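Heavy-atom basis, side chains included; hydrogens, waters and symmetry copies ignored. Since we're looking at a predicted model, the values are computed, not measured. Nothing fancy with the numbering, it's 1 onward along the sequence.
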Amino acid sequence: MKISDIFFDLDHTLWDFEKNSALAIETIFKKYAIDVDLQLFLNHYVPINIKYWELYRVDKITQYELRLGRLKDTFVLLNYEIDDEKIIFLSEEYIEYLPKFNHLFDGAIAILDYLKPKYNLHIITNGFQEIQGNKLKNSNIGHYFKTITNSEMAGVKKPNPKIFEFAVAEANAQKENSIMIGDCIEADVKGALNFGMDAILFNIDSNVMHENIKQISHLLELKKHL
């Protein structure tokens, strides 16, 4: 079947989450005089954040537990004394500052310019509606997308097939004519494939290859597939 609609993940696929997150954390640490080594903090925080998002994705923790736990666990590892109230305050500040940084992955604008005249482009994200909207606005890529679906709108998160069903219906598309592009093998790729939609893995590190899965290590490689 001919592809007419392309669905992108946002964080870690188009929007460089780790770079922007590090800048947001650096900003609030300086603002509130949090005396920890930034790189050491990030070395612990990045994998902890991934773990918490995996739990959140399968509804094992709440949004509050995600936002508190990922910072609290990191501070504990660094033996930095801070109470939960201050952590929640810093978390809210982090959420406010995060969309103010707008680094995209190399090739993001070029590939969107290449694809937009040929396909209907869309977003499917597990991120929070207001934050994701600000990311798209501040990085000046919102205008590329016909629809933007987030887990709050759909009531479920990737890889639940219902979010893909919701997004395809919002796009007035057909899953047989659609493809998903994202960085997460479970949420984006397997989620889409299990729904019956084709998928491409954005495997920027290329350190783990997945058999029988279409994958790219640079966004411009999408030209080979689309």
Give the intermediate values and the outcome of side-chain hydrogen bond (donor to acceptor under 3.5 Å, both in side chains) for residues N126 and Y56.
CA-CA 10 Å; N126 280 351; Y56 180 71; over 6 Å; no
Mutual orientation of the aromatic rings belonging to F75 and F41 [parallel < 30°, tilted 30-60°, perpendicular > 60°]
tilted
If you look at every heavy atom in G107 and H218, which pair is closest and at what distance?
CA-CE1, 4.1 Å
Under 6.0 Å from the ring centre and within 45 degrees of the ring axis: does the NZ or CZ of R67 meet both conditions for the six-membered ring of F128?
yes
Between CD on residue E165 and CG on residue N160, distance to nearest 0.5 Å:
9.5 Å
Short question: side chain of E93, backbone of F89 - any donor-acceptor pair under 3.5 Å?
no
Report the residue from I25, I28, L90 that forms a side chain to side chain contact (heavy atoms under 4.5 Å, CB included) with I34.
L90
Taking the six-membered ring for Trp and the single ring otherwise, decide whether the centroids of F202 and W15 are under 6.0 Å apart.
no
Between T27 and Y94, does any side-chain donor sit less than 3.5 Å from a side-chain acceptor?
no
When the ring planes of F195 and F164 are compared, do they come out parallel, tilted or perpendicular, using 30° and 60° as the limits?
parallel
Can you tell me how far CG of N140 sits from CG of L112, rounded to the nearest 0.5 angstrom?
12.0 Å
Restricting to non-hydrogen atoms, name the atom on I111 and the atom on L220 that form the minimum distance, rounded to 0.1 Å.
N-CD2, 4.0 Å
Please test E130 against N134 for side-chain contact (heavy atoms from CB on, under 4.5 Å), starting from the C-alpha separation and ending with a verdict.
CA-CA 6 Å; E130 182 180 359; N134 287 335; 4.0 Å; yes
Going by side chain to side chain contact (heavy atoms under 4.5 Å, CB included), P99 matches just one of K137, Q132, K135. Which one?
K135
Any luck finding a side-chain donor-acceptor pair between S178 and Q174 under 3.5 Å?
no
Go through it in stages, so that I can follow the logic: the residues are M180 and D9, the test is side-chain contact (heavy atoms from CB on, under 4.5 Å), and I'd like the CA-CA distance, side-chain angles, deciding distance and then a yes or no.
CA-CA 8 Å; M180 178 74 201; D9 178 40; 3.9 Å; yes
Please find the pair of heavy atoms, one from D183 and one from L201, that lie closest to each other, and give the distance.
O-CD1, 3.3 Å
Would K100 count as a cation-pi partner of Y97, with NZ or CZ less than 6.0 Å from the six-membered ring centre and within 45° of the ring normal?
yes
If Ile, Leu, Val, Met, Phe, Trp and Tyr residues are connected whenever their side-chain heavy atoms lie under 4.5 Å apart, and connections chain through other members, are I200 and V168 in the same group?
no
Counting N and O atoms only, with roles assigned by atom type, does the side chain of S91 sit under 3.5 Å from a partner on the main chain of I87, one being a donor and the other an acceptor?
no
When you look at CD of E85, are more than 12 heavy atoms from neighbouring residues, nucleotides or ligands closer to it than 6.0 Å?
no
Evaluate the side-chain contact (heavy atoms from CB on, under 4.5 Å) criterion for residues V58 and E54: first the C-alpha distance (whole Å), next the side-chain angles of each, then the deciding distance (0.1 Å), finally the verdict.
CA-CA 7 Å; V58 295; E54 288 173 350; over 6 Å; no
N20 side chain vs H103 backbone, donor-acceptor pair below 3.5 Å:
yes
Testing the basics here: between T13 and I181, what is the closest heavy-atom pair and its distance to 0.1 Å?
CG2-O, 3.9 Å
Nearest heavy-atom neighbours spanning N102 and N138
ND2-O, 3.0 Å
Please check this pair: side chain of K158 against backbone of I124, looking for a donor-acceptor N/O pair closer than 3.5 Å.
yes
For the NZ atom on K162, are there more than 12 heavy atoms of other groups (residues, nucleotides or ligands in this structure) within a distance under 6.0 Å?
no
Distance in Å, I141 CD1 paired with K116 NZ, rounded so as to fall on 0.5 Å steps:
12.0 Å
So, D188 side chain and C184 main chain: donor-acceptor pair closer than 3.5 Å or not?
yes
S21 to Y45 - nearest heavy-atom pair and separation
OG-CE2, 4.1 Å
Summary of side chain to side chain donor-acceptor pair (under 3.5 Å) pairs that have at least one residue in residues 144-157, sequence neighbours excluded
D59-K157, D113-Y144, H122-T147
Going by an N to O cut-off under 4.0 Å, is there a salt bridge joining D198 and K175?
no
Does a donor on one side chain sit under 3.5 Å from an acceptor on the other, for Y80 and D35?
no
